[in-house]
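These notes concern the structure reproduced below.
This one's a predicted model, so the numbers in the text were calculated from it and none came from an experiment. Every chain is numbered from 1, with letters handed out A, B, ... down the list of sequences.
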There are 2 protein chains.
Amino acid sequence: MTDKKIFELHADVCKALGHPLRIEVIDLLQDKELCFTDILEVTGGLKSNLSQHLSVMTKKGILKSRRDGQCTYFSLSSKKVAQACRLMREVLIDNLKKHQTLIDKL
Amino acid sequence: MTDKKIFELHADVCKALGHPLRIEVIDLLQDKELCFTDILEVTGGLKSNLSQHLSVMTKKGILKSRRDGQCTYFSLSSKKVAQACRLMREVLIDNLKKHQTLIDKL
DNA sequence: GGTCATTGTTTAAATGTTTAATAGTTCACA
DNA sequence: TGTGAACTATTAAACATTTAAACAATGACC
């Protein structure tokens with residue numbers, strides 16, 4: 001596989017992190033499995049919208065889903081997703097702190 | 001700060017990883033600083049495009065840039081960016097392997 | 001079995017965002 | 001003043017997101 005193709009696939013997986021609702025879902029699923037309705041209850045919004053976002057995340061391989069009776073349960077495909085997400089959160093927090101430090105100096 | 005606001009900012013930082021060229025740049029800058037022209041030489045494409053992507057990454061706080069004379073040098077703002085990026089690459093590779101295993105079974 | 005409510009998924013249209021390409025600008029310095 | 005290095009502005013095309021409505025699958029109840 002060419003490098004450029006890898007970069008495309010890699011970016012595609014990363015894109016799945018690039019939406020507030022999807023970050024919220026990853027946060028929710030850190031250490032547990034939840035069903036669609038449970039997730040919807042926390043995130044709010046339209047069910048069709050949530051369903052589409054969950055479907056994107058599942059297609060890109062960052063979530064797993066399984067159906068049990070009436071309910072569909074979702075979970076992270078791997079702890080690596082949660083770890084990566086936490087690291088990026090830290091990058092954000094570090095930046096916010098740096099920014100605050102700058103403001104304080106003025 | 002409300003949770004929803006955090007999710008937005010967090011997603012915004014993650015978005016910076018969501019483009020093949022930007023992944024390539026992060027890969028390139030894993031352990032060193034490079035100037036614009038060096039990066040352009042590796043990635044190819046238009047100067048203006050690279051400049052825009054680097055500017056996005058810098059604004060979102062995942063790159064640092066410093067100007068030295070005629071050249072602008074870029075580096076990762078933190079090793080956490082490289083780590084997160086590597087984790088997501090592993091998620092991708094794991095998925096590709098799973099996919100291949102499925103194919104093999106048929 | 002037939003009917004009904006619950007759980008999600010799918011689809012399609014409207015809207016919003018991102019990107020690539022082009023052209024033009026700024027800056028440092030020889 | 002000319003040149004190379006990088007940034008900025010603009011715009012059209014591509015892509016992602018939201019919404020609402022229609023649809024499918026399951027299980028409960030009679």
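Atom CG of A:L46 and atom P of C:dT10 are 17 Å apart (whole Å). Whole-Å rounding puts the B:I39 CD1 to D:dC7 C1' distance at 14 Å. Across the protein-nucleic acid pair, B:R66 atom CZ and C:dA28 atom C1' stand 16 Å apart, rounded to whole Å. Put simply, CZ on A:F74 is 14 Å from P on C:dT7, counting in whole angstrom units. Atom C1' of nucleotide C:dT19 and atom CD1 of B:I23 are separated by 16 Å, given to the nearest angstrom. Look at CG on B:L50: it is 14 Å from P on D:dA5, rounded to the nearest Å. The distance from atom NZ of B:K47 to atom P of C:dT25 is 15 Å, rounded to the nearest whole Å. Atom CG of B:D38 is separated from atom P of D:dA5 by 11 Å (rounded to the nearest Å).
Nearest to the side-chain atoms of B:N49 among the listed nucleotides C:dA21, D:dA5, D:dT26 stands C:dA21. Closest contact between the side chain of A:K15 and the listed nucleotides C:dT7, D:dA16, D:dT8 involves D:dA16. Distances from the side chain of A:Q70 to the nucleotides C:dT6, C:dT9, D:dT19 place C:dT6 closest.
Atom NZ of B:K5 sits in a sparse spot, with 12 or fewer heavy atoms from other residues, nucleotides or ligands closer than 6.0 Å. By the neighbour-count criterion of 12 heavy atoms within 6.0 Å, atom CD of B:Q100 is densely surrounded, having more than that number from other residues, nucleotides or ligands.
Across all strands, B:T72 comes closer than 4.0 Å only to sugar-phosphate atoms, never to a base (heavy-atom distances).
In terms of position along DNA chain D, the nucleotide closest to A:Q52 lies nearer the 5' end than the nucleotide closest to the other residue of the pair A:D68 and A:Q52. If B:L54 and A:D12 are placed on DNA chain D by their nearest nucleotide, the residue sitting closer to the 5' end is B:L54.
Using a 4.0 Å cut-off, no side-chain N or O of A:R67 falls inside it from OP1 or OP2 of D:dG27. Checking the phosphate oxygens (OP1, OP2) of D:dT18, a side-chain nitrogen or oxygen of A:H53 falls inside 4.0 Å. Put simply, A:H19 has a side-chain N or O that comes within less than 4.0 Å of OP1 or OP2 on D:dT18.
B:S48 contributes a side-chain N or O that forms a donor-acceptor pair with the base of C:dT22 under 3.5 Å.
Shown here for B:K60 and B:D12, the closest heavy-atom pair between the two residues is CD-O, 2.9 Å. Nearest heavy-atom pair across B:F74 and B:L29 is O-CD2, 3.6 Å.
Ionic pairing of A:K64 and A:E33 is not present here: no N-O contact between side-chain nitrogen and carboxylate oxygen is shorter than 4.0 angstrom.
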